[in-house]
Every structure is written in C-alpha cells, then in structure tokens.
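In what follows, a structure is listed as structure tokens, so that the remarks can point back to it.
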Amino acid sequence: MPSDAVPHLRWTDLPVAALPLGPDLFDPAVTFTCGQTFRWEPVEGAWIGVAGGHIVRLWQEGRWTCSQAYPPGFDLARYLWADFDLAGWAAAMRSRDPWLAMALAAFPGLRVLRQDPEEMLFTFALATASHVPRITHMVRSLAAQLGAPIAWIDGRLYRAFPTAEALLAAPDDLLTGPCNLGYRARVIRRLAAWYCERGRAWLSDLAARPYAEAHRRLQEAPGVGPKVADCLCLFGLGFAEAVPIDAQTWKVARGLFGSALPTRTLTARTYRLAGDLFRQRYGPAAGWAQEYLYHAARTGRLAGLAAR
DNA sequence: TGTGGACCTGCGTT
DNA sequence: GAACGCAGGTCCA
C-alpha cells in the first residue's frame, strides 16, 4: 500500500484507555530500553511505538497507564503482561539472593513484554553478535524500508514491522546497505524462506505446547539457536520460564552457580544446565528474573558478582 | 561433547 | 582522531 493511501490522523482525535499500572508496576523507560523491544521512542512526555501492526502512544498519570492506539483493538494489558503479579512476585524473589534483590530494587517497574511472535523471530535472529544500539538501527531501518504503512499521525508516517514475505522479497543490497544487516542478511533471508513455507500457524501452535518442546522445535529453523529460541519463548510466546542465556547472562550464571557449570564456554549442554539452574532458583517465572539480572549486568550493577 | 574461527558493522574505550 | 576489542549467536570443522 502506498504511504499516501493510509489515513492522516491526530493524537488529539484518538480515544484514551487506562490500565491500573503505576510507576512501581510499570516503568516504560526501563521496560522499553532494556533490550527486549526496539521500536519505542520518548516523545513529549509520552512513549510512542509500533507493535503488532498497531501504533501505540502511552503515558502515566498517577496510578494509571493511559494509552491510545491505531488501528483500534490493541490489547495493551496483554502486551504489558498486566496479569503478571509483579509486586507479589518481586516480594517473594527478594529472599532468593542479594543479586536479584539488588536488581529488583534498582529497576522497579521493569516488565517483560508479550510481543508479536513473528516480529520476535526475525528481531532476535538478526540480533546475533550485536548490541542494543545497532539492533535498534537494524529493526527501525527494516521497518522504514520494508514495513507496510499504517497511518500518518501528526505529520509522521508509522510503518509495521516487515512481514516474512517482504523480508524474503527484499533485494540483498537493501538489507546489507541501508539496513546494515551485514552477514545477517543471508540468515534473515534463509529464515524468511523457511518460515513462509510454514506460516504463522506454526508459531501459534508452539505457544500451546510445553516450553521444552517449543524451545526444541524452534531450533529447527535456520538461524535459530538456543538463545534466540528462548528470546522467542519469553518475549513472543509468553513462556515465563524461558531463560535466554546470552554473553551477559552467562557471566551472571557463572557467578551464581560457579562449579555447577562445568565448562568455561557456553555449550549446548551447559546452556541447558544453566537454564535449569535459573529455573530451580527462581521458579516458574525465571525468565523475569533473567531480565532483571541481565539489565543489571548490562548496566554494570553486578560487577561484584562477575568477579567472583 | 567441547572448542575455535568466521561472519558484518559500529559503538565505546584506549 | 585513529585503532582496537567486542557485542543479547549460529554454524561448521
């Protein structure tokens, strides 16, 4: 669809909804910049992002999180995992170890998001051996170059995350040029071809299966190893027990579990072992614990742990 | 089963 | 201001 065929809107004309999530239960700044999502920006006291084909604007007033969305029908409560009892869980977790207690105190209101699984598949497949600023650039460039236009709002055009079909059809020089994917262009194209043969039902079917099976079957896709599969399980399929173990989390795991992890490097076996140790210590929402520990490690708050 | 190197860039540090 | 190491990995020897 050409960009002039979509509606021209104003934020002042869109209806406002509200959720009972104050700053202690949801901190947009931390949640949107901690590396689980890459399309949210602060704009004049609010945050604007594009998620699952919806343009969303949100801000907080006292104990409430207010939001607007276009097209209508965006389920913000689901996106923010609002039925997860963050306060109760955090209270129970503080006694597990001082490191998680510190991370919980440092970043109150950090929430794990439940995002569109197809977007998560491609986002984290291209996030390999990269860092948050670069992933942000790649994701936004892909949307700008290949995403379907949704609407103009207050003079700005917003585009959806590209479909698998659009990624498959994209010329190489566009993926490696303006989008700066580098070697990931090949990975994304292979993955898009593989995914297009199966379709969205393949992902939604996995969401209904046990975590271990979903995690195993996701790795049948080219370019999806254990870490990307766990990102998809946690951020896209809603498995709170999924623990993505990246380089930061691996350092945290070695500090926490020491000699229980037999190898210096992260192998397939120690990846499974580390995930199980996280789940033993932090329970069925170990993925939430990982997100707090990961963010604390990334911002240098766990230096004492890594040095052990 | 564990290890090491290649793969593209750009950010942050020195 | 330029050089260098390394980054939310995966895949293949």
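When reading the values below, keep in mind they use all heavy atoms of this one structure, side chains included, and skip hydrogens, waters and symmetry mates. So that the names make sense, note that chain A is the first sequence line, chain B the second, and so on, each numbered from 1.
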Whichever of A/Q219 and A/F235 has the more 5' nearest nucleotide on DNA chain C, that residue is A/F235

5′-ward residue of the pair A/V224/A/V132 relative to DNA chain C =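 Its nearest nucleotide being more 5', the pick is A/V132.
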
Measure from the side-chain heavy atoms of [X] and tell me the nearest of [options].
| X | options | result |
| --- | --- | --- |
| A/A129 | C/dG8, B/dT3, C/dG9 | C/dG9 |
| A/T128 | B/dC11, C/dT10, B/dT3 | C/dT10 |
| A/K251 | B/dT1, C/dA7, C/dT10 | C/dA7 |
| A/R264 | C/dG8, B/dT9, B/dG4 | B/dG4 |
| A/C231 | C/dG8, B/dG2, B/dT9 | C/dG8 |

Just call it for A/G223: base, sugar-phosphate, or nothing, with non-hydrogen atoms closer than 4.0 Å on any strand.
-> sugar-phosphate

Measuring only the [atom1] atom in each nucleotide, how far is [N] from [M]? A whole number of Å is fine.
| N | M | atom1 | value |
| --- | --- | --- | --- |
| B/dT9 | C/dC12 | C1' | 22 Å |
| C/dT10 | B/dC11 | P | 23 Å |
| C/dC6 | B/dG4 | P | 14 Å |
| B/dG5 | C/dG5 | C1' | 16 Å |

Classify the side chain of A/Y183 versus the base of C/dG9 as yes if they form a donor-acceptor pair under 3.5 Å and no if they do not.
-> yes

Polar side-chain contact A/R134-B/dT9 base: donor and acceptor under 3.5 Å |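 Indeed, a donor on one side and an acceptor on the other fall under 3.5 Å apart.
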
Separation of A/L191 atom CG from C/dT10 atom C1', in whole Å?
-> 12 Å

Send over the distance from A/K227 NZ to C/dA7 C1', rounded to a whole Å.
-> 11 Å

Thinking salt bridges, do [X] and [Y] make one under a 4.0 Å N-O criterion?
| X | Y | result |
| --- | --- | --- |
| A/R209 | A/D205 | yes |
| A/E41 | A/R156 | yes |
| A/D116 | A/R200 | yes |

If you draw the axis of the six-membered ring of A/W194, does the NZ or CZ of A/R198 fall within 45° of it and under 6.0 Å from the ring centre?
->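 Flagged: A/R198 positioned over aromatic ring of A/W194.
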
Kindly say if A/R298 contacts the phosphate of C/dG8, meaning a side-chain N or O under 4.0 Å from OP1 or OP2.
-> no

Quick one: pull up CH2 in A/W64 and CG in A/L19 and give me the separation to the nearest 0.5 Å.
->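 Reported value, rounded in 0.5 Å steps: 8.5 Å.
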
